[in-house]
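This report concerns only the one structure given below.
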Amino acid sequence: MSQAHNEMLQTVVSESNLGDYMEARSRFDWETVERHFTWHASGKVNMAHEAIDRHVLEGRGGKTALLYSDASREEAYTFADLSEQSSRFGNVLRKYGVAKGDRVFIFMPRSPELYFSLLGILKIGAVAGPLFEAFMETAVKDRLEDSGAVALVTTPELLGRIKRSELPDLKHIFVVGGGPQSDAGLIDFDAEMAAAADDIEVEWLTREDGLLIHYTSGSTGKPKGVYHVQNAMIQHYYTGKVVLDLRENDVYWCTADPGWVTGTSYGIFAPWLNGVTNVIRGGRFSPQDWYSTIEKNKVSVWYSAPTAFRMLMGAGDETIAKHDLSSLRHVMSVGEPLNPEVVRWGWKAYGQRIHDTWWMTETGAQLICNYPGMPIKPGSMGRPLPGIEAAIIDDRGQELPPYSMGNLAIRAPWPSMMAKIWNNPAKYEEYFRLTGWYVSGDSAYMDEDGYFWFQGRIDDVINSSGERIGPFEVESKLVEHPAVAEAGVIGKPDVTRGEIIKAFVALREGYEATPELKEEIYRFVKEGLSAHAAPREIEFKEKLPKTRSGKIMRRVLKAWELDLPTGDLSTIED
Ligand code: ATP
Ligand code: MG
């Protein structure tokens with residue numbers, strides 16, 4: 001690593017107060033980060049080369065890259081293994097005529113083969129499209145059709161959900177673990193892999209060539225096909241260093257599925273660009289199994305989501321006591337606002353401050369974060385990284401002073417910014433409607449120290465008796481109540497107040513849904529937060545509607561409440 005690069009990292013990693021932070025910001029430039037990559041000198045770009053092959057060429061091929069486990073498999077792969085397996089799949093794709101720029105989708109549960117496939121797709125310069133295994137027929141069809149995918153990697157169990165007759169572009173389907181395929185168009189993945197050569201001439205690209213298409217989570221409406229390019233690796237690598245704080249001997253675990261952007265940017269690229277051992281766990285969420293995964297692999301850096309932390313909190317500290325979690329050094333969260341209560345619990349339960357990070361599918365990588373060395377204010381998503389300028393702006397693009405709620409916006413561009421919304425240029429333009437800014441669609445405010453505080457999605461902000469109330473604040477107060485496991489808050493139209501606050505609440509085990517409890521919860525928010533933010537209506541629900549990536553779908557709560565159509569439900573949990 002170059003000296004300039006080391007210096008860049010030191011200025012960022014060791015900052016521990018606002019003064020140093022400002023200095024790190026003023027000294028920072030992306031060009032210094034770019035010097036890390038082989039393409040800085042050669043001009044030849046390929047993500048799979050930088051993340052995998054490069055480690056082999058530089059003598060680190062024997063290091064463990066992937067520690068995979070699920071109920072039936074437990075396997076370890078070195079960087080050299082991943083290099084060979086992905087070369088094999090790249091060769092297989094080329095044999096079937098798949099080439100640079102083609103979209104190749106992956107629709108299967110997590111397994112080592114998923115990762116071999118994704119890297120193989122990248123090696124030949126094709127664009128990867130990972131789909132979450134739980135999608136049903138229509139969700140799969142919509143995404144394959146929209147992206148014009150020419151090939152798909154899947155498993156025998158999921159084949160039934162692929163409407164081949166309605167997908168004329170889809171020429172080849174590779175079936176993993178299904179044995180010889182007799183059906184035309186179906187190809188035996190395993191046999192092809194065994195027969196393919198394990199080295200490959202990587203497709204050399206430019207920084208503007210395609211990398212991935214990710215469909216968004218669908219929290220606010222129909223999922224968008226977000227197209228990312230190779231240039232994103234600059235920010236994946238950099239944030240892996242300064243936000244994930246990855247070091248040579250770390251064992252890192254990101255719990256997200258590659259069907260969501262966190263599962264690729266931080267489940268594949270950031271750890272492997274940094275040459276770190278990456279844990280992948282298949283199967284479903286279970287507190288026991290998750291803690292065992294940390295204990296058995298000695299996970300040191302852990303990246304998960306508020307919904308998981310809330311469930312772990314609900315599982316009780318007895319479960320934690322049964323496991324040795326002392327290997328943990330750094331814990332992070334993304335995907336939804338992280339309730340202050342959860343941060344406080346994490347500190348008590350794990351001896352770890354859970355670091356909140358804010359970013360979106362469209363942003364490709366982290367932008368506003370809490371990172372090591374920085375004082376954490378529970379409930380704040382942190383500060384913009386060096387190299388990133390964030391602001392709160394009004395609807396005309398004017399910057400607002402501290403503590404004003406408004407549009408959270410980022411000065412465009414940054415390295416991992418999306419390059420387009422697939423098939424929807426008008427949607428893309430909307431994000432950039434205010435000159436110079438990317439408008440996130442989230443509502444937030446900034447405090448006088450430059451910390452950002454998430455309030456809700458712009459459309460979810462509630463207007464009650466002339467006050468603007470972010471649902472997050474109310475939800476966070478609600479989950480502080482011992483009976484409340486999860487809460488979703490919406491504005492309900494009201495003739496006198498404009499809107500009133502309505503809360504949907506899922507109770508923790510052992511609590512009964514009684515009118516007295518409703519009253520008690522109402523008073524708890526009224527006294528702990530404010531009268532105008534207390535939910536005048538509370539409805540108990542067994543479960544809240546969530547996306548498969550674990551986000552509460554407030555638009556569904558609102559549709560229920562107002563008897564409106566629920567819209568696109570392709571990403572909702574069962
Ligand atoms: P869709 O765009 O389809 O409605 P989505 O916005 O949930 O779905 P993602 O790109 O997966 O899809 O999620 C990004 C959003 O998640 C952000 O805009 C923000 O609302 C929320 N989010 C992510 N991280 C945080 C965080 N740390 N704090 C608060 N909100 C967060
Ligand atoms: Mg979104």
Side-chain angles (χ1 to χ4, degrees), residues 130 132 139 142-143 212-226 228 243 256-267 303-309 332-340 342-343 354-371 376-385 390 407-410 416-418 421-422 424 427-428 430-431 438-445 451-461 470-473 475-476 488 545-556 558 567-572:
F132 188 51
D142 284 352
R143 288 160 178 78
L212 289 167
I213 294 182
H214 262 300
Y215 286 85
T216 55
S217 293
S219 310
T220 57
K222 191 176 163 56
K224 304 161 279 274
V226 174
H228 283 293
V243 183
D257 188 273
W260 314 113
V261 71
T262 307
T264 55
S265 293
Y266 295 100
Y303 199 6
S304 196
T307 180
F309 290 121
M332 289 156 294
S333 168
V334 68
E336 275 198 300
L338 183 66
N339 318 92
V342 178
V343 178
I354 305 176
H355 293 68
D356 192 15
T357 64
W358 177 89
W359 57 292
M360 310 167 61
T361 310
E362 294 89 331
T363 72
Q366 298 159 334
L367 296 177
I368 300 179
C369 301
N370 293 279
Y371 48 98
I376 289 181
K377 302 187 187 189
S380 162
M381 50 204 196
R383 287 182 293 191
L385 295 172
N407 296 293
L408 173 57
I410 309 293
S416 64
M417 189 177 89
M418 64 173 167
I421 299 283
W422 197 263
N424 198 343
K427 184 83 214 170
Y428 186 80
E430 247 178 74
Y431 291 93
Y438 163 86
V439 182
S440 68
D442 286 352
S443 168
Y445 68 83
Y451 282 67
F452 283 75
W453 299 77
F454 180 85
Q455 297 297 293
R457 309 296 182 115
I458 286 286
D459 297 341
D460 292 338
V461 171
F472 172 53
E473 213 179 27
E475 289 163 7
S476 283
K546 281 196 205 160
T547 65
R548 294 193 179 274
S549 49
K551 297 155 183 266
I552 297 169
M553 295 172 99
R554 290 173 195 78
R555 70 176 161 98
V556 173
K558 200 145 189 171
D568 186 297
L569 291 182
S570 63
T571 61
I572 200 168

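Just so you know, residue 1 is the first one in the sequence shown, and it goes up from there. As the structure lists them, so they are numbered: ligands from 1, and atoms in each ligand from 1.
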Are Val334 and Gln366 side-chain neighbours, meaning at least one heavy-atom pair lies under 4.5 Å?
no
Can you find a pair of side-chain heavy atoms, one from His214 and one from Pro130, that are under 4.5 Å apart?
yes
Verify, without hydrogens or angle tests, whether Asn370 (side chain) and Met332 (backbone) share a donor-acceptor contact under 3.5 angstrom.
no
Is it the case that the side chain of His355 and the backbone of Ile376 share a donor-acceptor pair, with hydrogens and angles ignored and the cut-off at 3.5 Å?
no
Pi-cation contact, Tyr215 with Arg143 (under 6.0 Å, within 45°):
yes
Considering only NZ, NE, NH1 and NH2 on the basic side and carboxylate oxygens on the acidic side, decide whether Glu475 and Arg554 come within less than 4.0 Å.
yes
Select all protein residues for which some heavy-atom-to-ligand 1 distance is less than 4.0 Å, and list them by chain and number.
Thr216, Ser217, Gly218, Ser219, Thr220, Gly221, Lys224, Val334, Gly335, Glu336, Pro337, Asp356, Thr357, Trp358, Trp359, Met360, Thr361, Glu362, Asp442, Phe454, Arg457, Lys551
